[in-house]
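Structure below; questions to follow.
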Amino acid sequence: VTSLEKEIFKFGAHHEIEKRIGLHLRRTDHVKAASSMGQFHDDDHFRQIIEKEIGDAPNDARFFLATDNGLTQKNFLEDEEYGDRIVVWKKIDQKQVETT
């Protein structure tokens, strides 16, 4: 087992990752391609999913957010409605956060 695998297992155990709903929000290279095929979903789409899951299981709904966009990550993590329900593997360096 590599040190990275150990780190992943530790993260998973700490955050009970097997009980979380995974959200994969690709934003950088994927937006243009997905939009051209009519398959792009904006952040509001994912917020609706989160809110439905919270409504269905208010005490249990938890999420793992995977994204390549710092602004998307920041917006979901700082949303007071979600509190600690959302975790990420690593926070994206805020120097990489898009301002537009």
*Can you run down the salt bridge (Lys or Arg N to Asp or Glu O under 4.0 Å) pairs that involve residues 79-89, sequence neighbours left out, and say none if there aren't any?*
Arg47-Asp79
Using atom types as modelled, flag every donor-acceptor pair under 3.5 Å from a side chain in residues 52-62 to any protein atom, sequence neighbours excluded.
| residue | atom | partner | partner atom | Å |
| --- | --- | --- | --- | --- |
| Lys52 | NZ | Asp56 | OD2 | 2.5 |

*Nearest-0.5 Å distance, OG1 of residue Thr72 to CG of residue Leu65*: 8.0 Å
_side chain to side chain contact (heavy atoms under 4.5 Å, CB included) for Val88 and Thr67? Distances and angles first, verdict last._
CA-CA 9 Å; Val88 298; Thr67 185; 6.0 Å; no
*Value rounded to 0.5 Å, distance of CG in Leu25 from CG in Asn75*: 11.0 Å
*Got a sec, which residues hit salt bridge (Lys or Arg N to Asp or Glu O under 4.0 Å) with Asp43, two or more places apart in sequence or on another chain?*
Arg27
*Common cluster, Leu23/Leu77, ILVMFWY with side-chain heavy-atom separation under 4.5 Å*: yes
*Gln73 and Ile92: which non-hydrogen atoms are nearest, and at how many Å?*
OE1-N, 2.7 Å
*List for me each residue that meets salt bridge (Lys or Arg N to Asp or Glu O under 4.0 Å) alongside Lys19, sequence neighbours excluded, and say none if there are none.*
Glu16
_Enumerate the ring-ring contact (aromatic ring centres under 6.0 Å, His included) contacts for residues 43-63, please, sequence neighbours excluded, ordered by first and then second residue._
His41-His45
*Supply the atom-to-atom distance Tyr82 OH to Ile50 CD1, rounded to the nearest 0.5 angstrom.*
4.5 Å
What donor-acceptor contacts under 3.5 angstrom involve side-chain atoms of residues 4-12, with partners at least two apart or in another chain?
| residue | atom | partner | partner atom | Å |
| --- | --- | --- | --- | --- |
| Glu5 | OE1 | Thr2 | N | 2.7 |
| Glu5 | OE1 | Thr2 | OG1 | 3.4 |
| Glu7 | OE2 | Lys90 | NZ | 3.0 |

